[in-house]
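Written out below as structure tokens is the structure these notes cover.
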Amino acid sequence: MLFPHHVFRLKTKGVSSLKTQPLALIVDDEPDIRELLGMTLAAMDITTACAANLAQARQALQGAAFDLCLTDMRLPDGNGIDLVRFAQRFSPQMPIAVITAHGNMELAIEALKAGAFDFVSKPVDLKVLRGLVMTAVKLSDRPRKPGRLLIGNSRAIEATRQTIAKLARSQAPVYISGESGTGKELAARLIHEQGPRAERAFVPVNCGAIPEELMESEFFGHKKGSFTGAVADKLGLFQAADGGTLFLDEVADLPIHMQVKLLRAIQEKSVRAVGDPREAPVDVRILSATHRNLDALVREGRLRQDLYYRINVIELHLPALRERAEDIPLLAEHILARLARDAGPAGAALSEAAHAALRAYHFPGNVRELENILERALTLCEGHIIDVDALGLETAEEAARSVGPETPAMVPAGADLDAFLVSVEKDTIVRALEQTRWNKTAAAKVLGITFGALRYRLQKLGLE
């Protein structure tokens, strides 16, 4: 039996009839909670219907077209995660948020991985709830606008586009992995721009570029007089991104003490400015990225495991350019057109030989390296045709020959032999990587070891 606050629209051949108000389904076995949530949503001009258990909720979702669903985690005949999985099959476009017990982040994360739009903890903060509901409703109300694009027609990039579109409909934290230069910030911006937060701020921050002593102030802000030099109140990055998205690039570079504070801010959805005794709520979606191996950093104790689980709810892996080589000609044309508009001579194009050379190149720096190569080539080319010589590409064999023999290093008097050998090994590997533009396959060949052996040494030395 359903408990409607208002009559709700039925599905008609899979499409809902014309609506005048958004429609929400509230699922909870406690009548008082259903009434409170219903009154809160009614004040937001949202029509509601209620279900007291999982069976009633399933029946409702099959019989009506809802714009969103709020469900308690604990139900008499199942749990909220069961409903999330059911909704993914029958109403995949509908945002569903789960209400969890306070502090039960494990279940909240499981719900997000199952496809939940977001979660809210008990006791429910009605201000937080209203913000969540408004964000969810925007998913269906907001018209899609063309924005940034992922260039390419390869299977790998098409799968990436589809994943981004799906992630844009969720509020789950996303960890974007991939080699340097694959476009991690672009992917983060696309997730933001295709989602309900598009009209609010997208705030990118390079975690490795902030001085350690200023990190807390930069992230959370400070009050006037809280420390020497604090001559005025300052908002932090979290406050600047309120209602929008905070993109933490190179998140693995954060020191341990900041990882603890970041974890609390994400879990509690609130921050405390330096010098302020009170916490202030913030509504921020967290996207993060790094080119480093997070699993290895957790094993080494350089990244907190609880933070790892919190930011890595869903992983989006970006393919390396060499894994989608068929996209190189289209990418090159797009980049050249943009460069010509900005600064270069109009009409410059790649010769057939140059196209072939680019397709054969290994691109250790990925799309960013392709952009640099074409910008340099556009400057150096004569006329309107860019030939192979203007690209300045270096083969793996040429990189190997350029390293050359080294004079063996001598152990300084009184030095720790083990530490000295580690430093020599590290310097040698870094030098080989630099000579091969960080192409690990070529570097392994330079060093005379297998690719797997190089990967092992990189992890052992913290260079991965």
Less than 4.0 angstrom from a charged side-chain N to a carboxylate O is my criterion; do Lys223 and Asp233 meet it?
yes
Could you tell me whether Glu199 and Lys138 have a side-chain N and a carboxylate O separated by less than 4.0 Å?
no
Ionic contact status for Asp306 with Arg304, cut-off 4.0 Å:
yes
Is any NZ, NE, NH1 or NH2 atom of the basic residue among Glu30 and Arg34 found under 4.0 Å from an Asp or Glu carboxylate oxygen of the other?
no
Only one of Glu179, Lys184, Glu250 passes side-chain hydrogen bond (donor to acceptor under 3.5 Å, both in side chains) with His291; say which it is.
Glu250
Identify whether the distance between the nearest side-chain nitrogen and carboxylate oxygen of Lys269 and Asp118 falls below 4.0 Å.
yes
Correct closest heavy-atom pair for Phe247 and Ala188 would be CD1-CB, 3.6 Å
If you take all heavy atoms of Val84 and Ala116, which pair is closest and at what distance?
CG1-N, 3.5 Å
Show the nearest heavy-atom pair for residues Leu61 and Ala87, with the distance to one decimal.
CD1-CB, 4.2 Å
So does Arg292 pair up with Asp253, basic N to acidic O under 4.0 Å?
yes
Would you please say whether a donor-acceptor pair under 3.5 Å links the side chains of Ser154 and Asp327?
yes
Between Arg359 and Glu326, does any NZ, NE, NH1 or NH2 come within less than 4.0 Å of an OD or OE carboxylate oxygen?
no
Will you find, in the side chains of Tyr309 and Glu106, an N or O donor that is under 3.5 Å from an N or O acceptor?
no
Any donor-acceptor pair under 3.5 Å from Arg376 side chain to Leu391 backbone:
yes
Does any N or O in the side chain of Asn366 come within less than 3.5 Å of the main-chain N or O of Arg368, such that one atom is a donor and the other an acceptor?
no
SB check Asp72 Lys122 (cutoff 4.0 Å)
yes
Side-chain heavy atoms of Leu303 within contact of Leu294, under 4.5 Å:
yes
For residues Val174 and Ile286, determine if any side-chain heavy atom of one lies less than 4.5 Å from a side-chain heavy atom of the other.
no
Give me the ring orientation class for Phe90 and Phe86: parallel if the planes are under 30° apart, tilted from 30 to 60°, perpendicular past 60°.
parallel
Side-chain heavy-atom pair Thr47, Leu41 within 4.5 angstrom cut-off:
no
Looking only at heavy atoms, which two atoms of Ala265 and Val271 are closest? And how far apart?
CB-CG1, 3.9 Å
Less than 4.0 angstrom from a charged side-chain N to a carboxylate O is my criterion; do Glu158 and Arg161 meet it?
yes
Quick check: do Leu374 and Leu370 have side-chain heavy atoms less than 4.5 Å from each other?
yes
Do the side-chain N and O atoms of Gln171 and Arg197 include a donor-acceptor pair separated by under 3.5 angstrom?
yes
All heavy atoms of Cys69 vs all of Val27, minimum pair found to be SG-CG2, 4.0 Å
Nearest heavy-atom approach of Pro204 to Arg189 is CG-NH2, 3.8 Å
With heavy-atom distances below 4.5 Å as the criterion, would you say the side chains of Asp276 and Phe220 are in contact?
no
Indicate yes or no: at least one non-hydrogen side-chain atom of Asp295 is less than 4.5 angstrom from one of Tyr308.
yes
Hey, which of Leu393, Ile373, Thr182 is the one that makes side-chain contact (heavy atoms from CB on, under 4.5 Å) with Phe363?
Ile373
Is there a side-chain contact between Phe119 and Met105, using heavy atoms and a 4.5 Å cut-off?
yes
